[in-house]
Amino acid sequence: MNNYSKLLNSDKTVFTKKDLEKILDFKTKEALDKFLYREKNRGFLQNIFYGIYALKKYSVLELAGKIRKKSYISLETVLKKHWVIFQYYDDIFLVSDDSLEKRVWDVNFKFSKIKDWVLLNQLWLEHKKQYTIASVERAICDRIYLSKNYYFDDMWDVDLEKLEEISHIYNNKRVVWEVKKLMKKYAK
């Protein structure tokens with residue numbers, strides 16, 4: 001199997017140098033560097049930024065997960081996907097162990113710092129093949145934790161029991177109180 005096939009069959013569209021070393025089994029750093037130089041010039045791979053490479057068509061969510069290893073997709077990205085908020089955002093929102101804004105071509109990636117014990121808690125996080133994404137309930141709690149009195153447009157389809165369960169991982173009385181307030185408002 002040639003290198004192109006190996007990359008296309010890897011289920012990835014975004015790669016670190018370590019990913020490429022594993023998938024393509026290069027024996028030396030020089031061989032990998034030659035491959036990258038040649039394939040960037042041919043247009044098969046593009047250098048997103050230092051150490052991150054992608055196929056011509058790549059997943060923006062997969063790229064988001066590569067920018068910061070300790071992160072997951074949440075906040076407005078998940079909230080708008082589930083119609084909990086109606087505002088439109090082009091940006092990709094994540095929580096991470098540090099705050100960061102990074103622009104890659106026409107997409108802004110916004111990382112919000114959250115405490116490690118929350119970030120590392122796996123409750124209601126979905127691990128896709130190439131990135132991790134919060135459930136809508138986890139994204140609501142993340143937003144409440146980061147922003148007091150945030151307004152949610154529509155929460156009728158949210159699982160309120162999950163929401164309450166998640167609220168306790170933040171070790172924050174305000175988060176628990178705001179979730180209870182939302183539960184009263186949206187109780188069926």
Side-chain angles (χ1 to χ4, degrees), residues 12-14 16 48-49 52 54 57-188:
K12 294 181 182 225
T13 62
V14 180
T16 63
I48 304 288
F49 53 86
I52 304 287
K57 290 185 179 179
Y58 65 92
S59 162
V60 176
L61 297 180
E62 184 180 348
L63 175 58
K66 293 282 188 188
I67 294 172
R68 294 205 55 85
K69 286 193 189 276
K70 283 174 63 176
S71 67
Y72 60 87
I73 299 158
S74 186
L75 308 170
E76 283 77 1
T77 301
V78 173
L79 298 175
K80 78 173 182 173
K81 177 182 169 195
H82 291 277
W83 294 97
V84 172
I85 59 172
F86 299 150
Q87 299 83 355
Y88 182 77
Y89 294 96
D90 275 337
D91 302 340
I92 304 294
F93 292 86
L94 301 96
V95 295
S96 176
D97 59 345
D98 200 9
S99 294
L100 171 72
E101 268 194 55
K102 186 141 191 96
R103 184 164 183 81
V104 177
W105 291 308
D106 58 345
V107 179
N108 280 327
F109 297 90
K110 294 185 177 184
F111 295 82
S112 295
K113 184 176 180 168
I114 203 161
K115 299 284 186 188
D116 273 349
W117 73 79
V118 176
L119 184 64
L120 299 175
N121 190 310
Q122 299 300 301
L123 189 63
W124 296 109
L125 292 179
E126 184 180 352
H127 298 280
K128 302 275 189 180
K129 282 187 177 180
Q130 305 306 333
Y131 59 87
T132 301
I133 190 165
S135 67
V136 66
E137 295 83 7
R138 176 79 179 245
I140 290 166
C141 287
D142 286 342
R143 182 40 73 203
I144 290 171
Y145 180 75
L146 294 168
S147 305
K148 265 186 181 180
N149 300 314
Y150 189 86
Y151 180 76
F152 301 98
D153 295 304
D154 182 4
M155 289 185 38
W156 290 108
D157 291 332
V158 171
D159 185 327
L160 298 177
E161 288 177 13
K162 274 188 201 175
L163 193 65
E164 182 181 29
E165 178 185 5
I166 295 165
S167 71
H168 295 285
I169 70 171
Y170 297 85
N171 197 23
N172 184 299
K173 290 177 183 175
R174 182 187 55 79
V175 172
V176 172
W177 179 79
E178 284 194 37
V179 164
K180 284 185 180 182
K181 206 167 84 173
L182 286 171
M183 289 175 69
K184 280 183 185 175
K185 180 178 178 181
Y186 288 97
K188 294 176 182 170

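Looking at residues two or more places apart in sequence or on another chain, you find a side chain to side chain contact (heavy atoms under 4.5 Å, CB included) between Glu161 and Asp159. For Phe49, the ring pair (Phe, Tyr, Trp, His ring centres under 6.0 Å) test picks out no residue, with sequence neighbours left out.
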### Task
Give the C-alpha distance, both sets of side-chain angles, the deciding distance and a yes or no for side-chain contact (heavy atoms from CB on, under 4.5 Å) between Leu61 and Gln130.
CA-CA 8 Å; Leu61 297 180; Gln130 305 306 333; over 6 Å; no
### Task
Please step through side-chain contact (heavy atoms from CB on, under 4.5 Å) for the pair Asp97 and Arg68, ending with a clear verdict.
CA-CA 9 Å; Asp97 59 345; Arg68 294 205 55 85; 2.8 Å; yes
### Query
Going through the checks in order, is the side-chain contact (heavy atoms from CB on, under 4.5 Å) test met by Tyr58 and Val14?
CA-CA 6 Å; Tyr58 65 92; Val14 180; 4.0 Å; yes
### Task
Walk me through it: do Arg174 and Glu178 pass the test side-chain contact (heavy atoms from CB on, under 4.5 Å)?
CA-CA 6 Å; Arg174 182 187 55 79; Glu178 284 194 37; 2.9 Å; yes
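Residue Leu75 comes nearest to Ser112 through the heavy atom pair CD1-OG, 3.9 Å, listed as atom of the first residue, atom of the second, then distance. When all heavy atoms of Val175 and Ser167 are compared, the closest pair comes out as CG1-O, 3.9 Å. Contact between Phe111 and Ser96 at its shortest, heavy atoms only, is CD2-CB, 3.8 Å. Between Leu119 and Ser71, the shortest heavy-atom distance links the atoms CD1-CA, 4.2 Å. For the pair Ala134 and Ala139, the tightest heavy-atom approach, listed with the atom from each and the gap, is CB-N, 4.0 Å.
Atoms CH2 and CG, on Trp177 and Leu182 in that order, are 9.5 Å from each other to the nearest 0.5 Å. Separating the NZ atom in Lys185 from the CG atom in Leu160 is a distance of 12.0 Å, to the nearest 0.5 Å. Atoms CG and CZ, on Leu79 and Arg143 in that order, are 7.5 Å from each other to the nearest 0.5 Å. For the atom pair OG of Ser74 and CD1 of Ile140, the computed distance is 9.5 Å after rounding to the nearest 0.5 Å. The CD atom of Glu137 sits 8.5 Å away from the CE atom of Met155 when rounded to the nearest 0.5 Å. Here CG of Leu146 is found 11.5 Å from NZ of Lys113. Values are rounded to the nearest 0.5 Å.
Counting heavy atoms from C-beta outward, Ile52 and Thr16 have side chains that approach closer than 4.5 Å. Tyr145 has its side chain within reach of Asn172: a pair of non-hydrogen atoms, C-beta onward, lies under 4.5 Å apart. Residues Arg138 and Lys162 are not in side-chain contact: their nearest non-hydrogen atoms beyond the backbone lie 4.5 Å or more apart. For the pair Tyr72 and Asp142, the minimum side-chain heavy-atom distance is below 4.5 Å. For the pair Asp153 and Gln87, the minimum side-chain heavy-atom distance is below 4.5 Å. The shortest side-chain heavy-atom distance between Tyr170 and Val176 does not fall under the 4.5 Å cut-off. At least one side-chain heavy atom of Lys70 sits under 4.5 Å from a side-chain heavy atom of Leu120. Between Tyr150 and Ile85 the shortest side-chain heavy-atom distance falls below 4.5 Å.
Screening Ile73, Thr77, Val60, Asp91 for a side chain to side chain contact (heavy atoms under 4.5 Å, CB included) with Phe109, the sole residue that qualifies is Val60. Under the side chain to side chain contact (heavy atoms under 4.5 Å, CB included) rule, Ile67 has a single partner from Leu100, Ile48, Leu94, which is Leu100.
Judged by distance alone, the side chain of Trp124 and the main-chain N or O of Val136 form no donor-acceptor pair under 3.5 Å.
Salt bridge present: Glu126 and Lys128 bring a charged side-chain N and a carboxylate O closer than 4.0 Å.
Between Trp83 and Phe86, the angle of the ring planes lies from 30° to 60°, which puts this pair in the tilted group.
Annotation for Lys115: atom NZ does not count as buried by contact number, only 12 or fewer foreign heavy atoms lying within 6.0 Å.
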